[in-house]
Structure formats: C-alpha cells, structure tokens
Amino acid sequence: MKQAIQCISAVAQLTFLDGLRKQTLLGLIVLALLLECSGIFFMDFFGHDIGRASSDFLLSVIWLAGLVFLFFHAVQTIALSEERKSIYMILSRPISRSQYVLGTFIGLASLLLILQASLGVVAWFSLLWIKTQLDVQYFAVFNHGYFVLSLFGLMLMQCCVLAIIMLFCGMLRGSFLVLMMSIAYYFICSSIPVVLEAVKQQISSVQEGDNFYYLLQGLALIFPDFSRLDFKDAILEMNPSLVAVDTVSAFVLSALYLVIVLTCACYLYSRRDL
Amino acid sequence: MWRFLFFLMFCLYISLALLQGDKKTLKEVKLENTMPIGLHQVVSSYARQLFADAIYIKVVVFLGSKPLPKVDDYKNNLYQHFLVIQALHPQLIDMYYLSESSLSWVSKADTLRVNELMSVGMAKKTEEWLLYFFKGFNEFYYLQEPAEAARTLYASSAIESTPLWLGSLATVLAAKGGELRAGLSWLKVMWGSETDVDQKKRYARDIVTFEKALLIQVALEHFKGIHQVWPESLSELVPDFLVELPVIKGDQYDLSYANEQLRLLRPKRK
C-alpha cells in the first residue's frame with residue numbers, strides 16, 4: 001500500500017512539474033486576469049445588480065480557465081504521452097497502469113486546484129473591492145461561505161470532467177478524438193437536464209412519453225447534471241434557498257461518480273494495448 | 001521600396017478604418033431574433049448567468065441606440081430576450097427594471113406579458129418587494145384593475161424589507177376597487193403589527209372609515225338579496241336597511257356609489 005502511494009505520488013509530481021514547466025498555469029492566469037479586467041468596462045451597463053453581474057463574470061472566467069485547462073492541457077498531457085510513447089518510459093518502472101492513471105489524475109487535479117485557488121483569491125479580493133466602491137443597494141450581500149462553496153462545486157465538476165477525459169484516453173487513441181468526445185460529453189451533460197425539463201412538462205398529457213422520460217433519467221446517471229454544483233446565485237442572496245441535504249447529496253454523488261469513472265479508467269488502461 | 005509599400009498600406013488601413021467607423025453609425029439598429037431558451041441553456045452551461053448578462057447588455061445597447069425603431073417593430077423580439085434572460089438568470093433584478101420601463105407601457109397585452117415576467121420573478125426572488133410594486137403598478141395604471149393591484153401590493157407586506165407605504169397603498173387601491181372587506185382586514189393587520197404611535201392612529205382612523213363603508217356595503221347586499229337589483233342611489237337604503245347613511249367625507253376618503261359598486265376614493269386635490 002505504501003509503495004503504491006509512493007508510485008502514485010511520484011507520477012503525480014511528474015505530471016505536476018511538467019505542467020508548471022510548460023507554464024500552462026501562468027498562461028491561463030494571465031488570460032483570466034485580462035478577461036476579468038476587460039469585464040470591468042461592461043459593469044456600467046448594470047443599473048442595480050452590479051454585484052451580481054461582477055460575481056457571475058468572475059466565476060465564469062474561473063470556469064472558462066478550468067475548461068481550457070482540461071480540454072487543451074489535460075487532453076494533451078494524457079493523450080500525447082501515448083502518442084509520443086513517453087508513457088512507456090514511466091511504465092518501464094515498477095508502476096502499474098492503474099497507479100499511472102491515478103497519479104496523472106492527481107497531478108492534473110493539483111494543477112487545476114492551484115489554478116482555481118489563485119483565480120478564486122483574485123476573484124474574492126476583486127469582489128471585496130467592488131463592494132467597497134459601491135453603495136449598499138448595488139451590492140448588499142456577499143456570502144463568503146457560499147463563495148467558497150461555489151469554488152468547491154466548480155472544482156469537483158471539473159475533476160469529474162478530468163476523470164472522464166482519463167476514461168476517454170483509455171478508450172480511444174488520438175488527442176483530437178479524445179478532445180471531441182470530451183466536448184461532446186460536456187454538451188450532453190448540459191443538454192439532458194433541459195430535455196428532461198421539457199419532457200416533464202409534456203409527460204402528463206402524453207403517456208408514450210413516460211419511457212422516453214425514464215430513458216433520459218437513466219442517461220442522466222451517465223451524463224450527470226453539473227448545474228447541481230452551481231452555487232453562484234447563493235453568493236449574493238440574503239437568505240439563499242439552498243437545502244443542506246440537496247447540497248451534500250450533490251457533492252457526495254459527484255464524488256462517487258468521480259471514483260467510479262476513475263476505477264473504470266484504471267480498468268481500461270490495465271486491459272488495453274498501449 | 002518594401003518599407004515604403006508597407007507604410008503606404010498601413011496609412012491606407014488606418015484611413016479606411018476611420019471611414020468605416022463613420023459609416024457604421026448610419027446603419028439602422030435592429031434587435032435580432034434570439035436563439036431558443038433551451039439552446040441557450042445547453043450552450044451556456046455553467047456560464048448561464050454570464051450569458052444572461054451579455055444578452056441584457058445587448059438589449060440595453062439596443063434600447064439606448066438612436067434612432068430607435070418603432071416599438072411595434074421590436075417589442076416581440078424584446079420580450080423574447082427578456083424571457084431568455086429570465087430563464088437563464090431569474091435573479092438578475094436589472095432585467096425586471098428594464099422590462100418594466102421598456103415594455104409595460106406599450107399595450108395591455110405587453111403589460112400582461114411584463115406581469116408574467118414579474119410573477120415568475122416574485123416566485124424566484126422572494127425577498128424583492130419591488131417586483132410586487134411593478135406588477136401592482138401595472139395592474140392599477142395600465143390595466144385599470146385597482147382591486148387586483150391591491151391584492152398584489154398587499155402580498156408584498158409579508159416581505160420584511162417592504163416599505164410601510166406599500167401596505168397603505170394596497171388599502172387605498174382596495175378601497176378604490178371596491179374591495180372594502182379586504183382593505184379593512186389588511187388595515188387591521190397593519191394596525192396590530194404597527195409600533196409607531198402616529199401611524200397607528202392613522203390606521204385606526206382609516207379602519208373607522210372602512211367600517212362605516214362596510215356597513216353600507218352590507219346594506220347594499222341585503223337590498224340586492226331582497227329586490228334582486230342594486231339600488232339606484234344610497235338613499236334607497238334608508239330607512240329599511242340603514243337607520244341613516246354614515247357620513248364619510250374628509251381628508252382621506254370620499255364615498256362613491258356608481259355602476260353598482262361602492263368605493264372609497266381619495267378626494268381630488270384642489
């Protein structure tokens with residue numbers, strides 16, 4: 001067990017340092033800061049909800065930076081390591097394929113965590129500064145706890161996507177194919193709740209729609225609804241209407257989903273030809 | 001030679017860009033159709049609020065442009081934009097302000113559409129009394145339904161931050177709309193919960209006025225029950241249904257009986 005942890009942490013360190021070496025984080029942080037600065041010019045359009053618009057913008061920039069990291073750096077790191085055969089160098093050591101998968105995941109997740117944390121701190125200070133500049137009617141409430149909860153939710157969501165990328169890398173060959181499948185997966189996750197809602201409204205009148213509704217519910221298990229981890233609206237609410245049970249269950253479900261997907265990825269990697 | 005050509009191209013580019021800027025302002029402004037709500041929800045994903053903010057900015061820029069097209073040309077597209085913004089980000093209060101100012105005055109149908117937006121907003125933003133005020137104002141001013149407006153405004157009194165005058169306005173509109181029982185019960189609730197002594201006295205004075213008017217209302221209903229028609233004037237109620245007509249005339253309310261409805265109206269200012 002101790003040796004397994006050592007192997008996993010070694011691969012994680014390698015992935016982490018490789019990411020730092022490529023200055024991926026630096027590039028994304030600079031991009032995010034530029035976007036955040038440009039957003040200030042648009043706040044003048046809002047007459048009342050300046051606080052809300054600012055918080056939406058800052059958190060969306062963090063989300064976008066995370067997605068760019070996942071779809072470009074993470075996919076490249078995992079898929080290209082196979083294309084360039086650098087994976088053989090790692091696996092020639094006494095490291096199992098599952099340890100390689102977990103180590104790579106932890107390394108990339110650590111980079112993602114540093115990216116989220118640094119952008120989150122910048123966003124937090126930005127919101128505090130904006131709050132001091134405005135009258136209370138324009139920015140009445142800033143729930144720090146819910147702000148941190150939103151960041152955790154975003155981090156967990158992006159870790160799930162990262163796990164899916166690892167799974168697709170185990171299933172497919174080629175970074176471009178993995179990238180396309182990952183993007184398609186993300187869009188399917190966004191679409192299913194919308195279709196479910198539309199079908200739910202029609203289901204009382206159309207009996208045949210029941211099977212389709214159950215099919216969609218089944219698909220929602222494979223393509224989870226990540227909007228359950230979106231707590232942006234609660235940051236500026238006086239009394240946010242969040243139910244503790246729903247929030248905890250969303251986190252627990254997502255964590256379980258992550259573990260299941262990683263387990264499948266480890267299984268695929270251990271069975272496939274490299 | 002090449003440097004000279006490059007410099008020439010650069011100057012040409014700058015001058016064309018400046019010319020193009022002037023031409024753009026002559027173009028007619030138009031609010032294009034928006035994508036369906038579902039598509040917005042799918043594409044926007046985690047950034048749905050940001051998408052809503054961007055669509056809001058688009059609408060603000062359009063409404064601020066000159067010359068603005070005729071309102072009938074763009075009102076349907078405008079309403080669709082508001083629906084999309086609400087679907088993506090119902091907590092954005094600026095959207096409600098904008099819909100109230102840009103659409104509610106156009107026609108009764110548009111007022112009803114704005115009220116639908118407000119109703120959804122009231123359900124999502126349970127602590128925002130302003131949405132009740134907007135809806136109530138629309139019902140009173142544009143739709144000419146004071147009783148309905150009174151109910152909407154009174155519903156906002158459950159919100160802690162609602163200003164006191166909103167409840168008072170609700171009773172005034174209830175009286176104007178002939179909803180005397182509702183107005184009286186609201187006044188009694190406000191009197192019971194009020195801590196300010198002067199305000200309590202004002203409520204007590206209004207309660208007396210409403211109770212007098214309610215006596216007449218009961219007598220009218222009694223008259224209708226027996227004669228199957230409403231009386232032509234209040235004097236027909238005396239002496240069979242009322243010993244004497246209560247006097248209601250003063251600074252606060254004037255009694256009015258017209259079109260088979262008893263109302264308490266605010267006296268016209270001299």
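Letters A, B, ... are given to chains in the order of the sequence lines, protein chains preceding strands, and every chain is numbered from 1. Below, each value reflects all heavy atoms present in this structure, side chains not excepted, and no hydrogens, waters or symmetry copies.
- B:D94 has no carboxylate O lying under 4.0 Å from a charged side-chain N of A:R52, or vice versa, which leaves the two without a salt bridge.
- Counting heavy-atom pairs under 4.5 Å between each of A:S55, A:S190, A:P193 and chain B puts A:S190 at the top.
- With a 4.5 Å cut-off on non-hydrogen atoms, B:Y46 touches chain A through its backbone and its side chain both.
- The pair B:K70-B:D72 does not meet the salt-bridge criterion, since no charged nitrogen lies less than 4.0 angstrom from a carboxylate oxygen.
- Considering only heavy-atom pairs separated by less than 4.5 Å from chain A, the leading option among B:L39, B:V60, B:I57 is B:I57.
- For a residue to count as touching a neighbouring chain, one of its non-hydrogen atoms must lie under 4.5 Å from one of that chain's; by this rule A:F46 touches chain B with backbone and side chain alike.
- Contact of A:E197 with chain B is not made at all, since no heavy-atom distance falls under 4.5 Å.
- Taking the six-membered ring for Trp, B:Y74 and B:F62 have ring centres closer than 6.0 Å.
- For A:Y185 and A:F223, the ring centers are positioned less than 6.0 Å apart.
- For the options B:V61, B:V43, B:I93, heavy-atom pairs under 4.5 Å to chain A are most numerous at B:I93.
- Using a 4.5 Å cut-off between heavy atoms, B:Q91 touches chain A through backbone and side chain atoms alike.
- Aromatic rings of B:W165 and B:F133 (six-membered ring for Trp) have centroids within the 6.0 Å cut-off, being under it.
- Using a 4.5 Å cut-off between heavy atoms, A:S227 makes no contact with chain B at all.
- Between the CH2 atom of B:W191 and the CG atom of B:L184 there is a distance of 12.5 Å, given to the nearest 0.5 Å.
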